[in-house]
Amino acid sequence: RPGSFSRLADFLGYDPYPFTGRESQDLSTVYDTIMVAKATNPNRPVYLIPQGFFFSTRKNSILGDDIAGPSLKEFRNMVFQGLCAGVPMICTYSYNSATKKPSPGRTAEDEWNIHKTLYTEIQNIEPILLSVAPAPFYAVKDGGDWLNTMSKRYDGKSYFFAVNNDGAKHSAKIYLDGISEIKGMYSKKAYTADKN
């Protein structure tokens, strides 16, 4: 939250904490909170703590039942929202809490593997994220608040990141300059690009 303490800090950490384990939960809190943090605290690097553990204490409470903590897919979504919002650092908070109280159906090792997989993925694309090469121009048609995007250029290739932050199915058209083929980073599927 904005306050006098934030004016004194070299780094400002924000914990959007959008997850309580409900399947219908909207993920957009991450991107929105970071953008507000950056706007209200200029000249302060804002970093992201993606989390959202399973709370057994909330079972049948006024806050509602927790189903489980975030999956790898949901953690990845939060992280890429943060990257699209321009965070310079991603940090894990209280990992021990996740391993001491794993989500239903998961072990401490499962929780560790989720984090390890995610941070390994980010480490692998770190050179792309840190690239200062001029990013390719792009335009989005039929997008909306549900879509967060970012473009990068590294080692002669263009990279486009798109994150659907609300869980519902949507579609949009992306126009990229000079692109002939598109390859999915996770699916590895290749697509031929055309003027449409």
Item checked: Non-hydrogen atoms of Val30 and Gly82 that approach each other most closely -> CG1-N, 4.3 Å
Item checked: For Tyr191, side chain to side chain donor-acceptor pair (under 3.5 Å) partners two or more places apart -> none
Checklist line | ILVMFWY cluster, Tyr154 and Phe161 together (side-chain gap under 4.5 Å) | finding: yes
Checklist line | Distance, nearest 0.5 Å, that separates OG of Ser131 from NZ of Lys157 | finding: 13.5 Å
Checklist line | Check: Leu176 and Phe160 side chains under 4.5 Å, non-hydrogen atoms | finding: yes
Note to self: In this structure, would Tyr119 and Tyr186 fall into the same cluster of hydrophobic residues linked by side-chain contacts under 4.5 Å?
What the structure shows: yes
Notebook entry, point to check: Going by heavy atoms in the side chains, are Leu129 and Met150 under 4.5 Å from each other?
Noted result: yes
Check: Taking the side chain as C-beta and beyond, is there a heavy-atom pair between Val163 and Leu83 under 4.5 Å?
Finding: no
Notebook entry, point to check: If you take all heavy atoms of Ser158 and Arg153, which pair is closest and at what distance?
Noted result: OG-NH1, 2.6 Å
Check: How far apart are the closest heavy atoms of Thr149 and Cys84, and which atoms are they?
Finding: C-SG, 3.8 Å
Next item on the list: Please report the C-alpha distance between Thr192 and Glu181 in whole Å, then the side-chain angles of each, then the deciding distance to 0.1 Å, and finally whether the side-chain contact (heavy atoms from CB on, under 4.5 Å) criterion is met.
Entry: CA-CA 5 Å; Thr192 301; Glu181 186 182 69; 5.6 Å; no
Check: Could you state the interatomic distance from CZ (Phe80) to CZ (Phe75), rounded to the nearest 0.5 Å?
Finding: 14.5 Å
Notebook entry, point to check: With a 4.5 Å heavy-atom cut-off, do His170 and Leu147 have their side chains touching?
Noted result: no
Next item on the list: State yes or no: do Ile122 and Ile128 share one hydrophobic cluster built from I, L, V, M, F, W and Y residues joined by side-chain heavy-atom distances below 4.5 Å, directly or via other members?
Entry: yes
Margin query: To the nearest 0.5 Å, what is the distance between CG on Asp166 and CG on Asp145?
Written below: 9.5 Å
Check: Taking all atoms of both residues into account, what is the closest heavy-atom pair of Val46 and Pro88, and its distance?
Finding: O-CD, 3.0 Å
Check: Within a strict 4.5 Å, meaning less than it, do heavy atoms of the Glu121 and Arg76 side chains meet?
Finding: yes
Note to self: Do Ile90 and Tyr47 have side chains that approach each other closer than 4.5 Å (heavy atoms only, starting at C-beta)?
What the structure shows: no
Check: When the ring centroid of Tyr138 is compared with that of Tyr175, is the distance short of 6.0 Å?
Finding: no
Next item on the list: Output the distance between atom CG (Asn165) and atom CD (Gln81), rounded to the nearest 0.5 Å.
Entry: 4.5 Å
Check: For atom CG of Asp142, is the number of surrounding heavy atoms from other residues, nucleotides or ligands below 6.0 Å larger than 12?
Finding: yes
Check: If we only count heavy atoms from C-beta on, is the Tyr159 to Ser151 side-chain gap below 4.5 Å?
Finding: no
Note to self: Checking the side chain of Asn164 only, and the main-chain atoms of Ala168 only, is there a donor and an acceptor separated by less than 3.5 Å?
What the structure shows: yes
Check: What distance do Asn77 atom CG and Leu72 atom CG have between them, rounded to the nearest 0.5 Å?
Finding: 11.0 Å
Item checked: Heavy-atom closest contact (Pro42 atom, Thr40 atom, distance) -> CD-C, 3.4 Å
Checklist line | Contact check, side chains of Pro70 and Met78, non-hydrogen atoms, under 4.5 Å | finding: yes
Note to self: As an exercise, state the distance from CD of Glu111 to CZ of Arg106, rounded to the nearest 0.5 Å.
What the structure shows: 4.0 Å
Item checked: Closest non-hydrogen atom pair between Gln123 and Pro127, with its separation -> O-CD, 4.0 Å
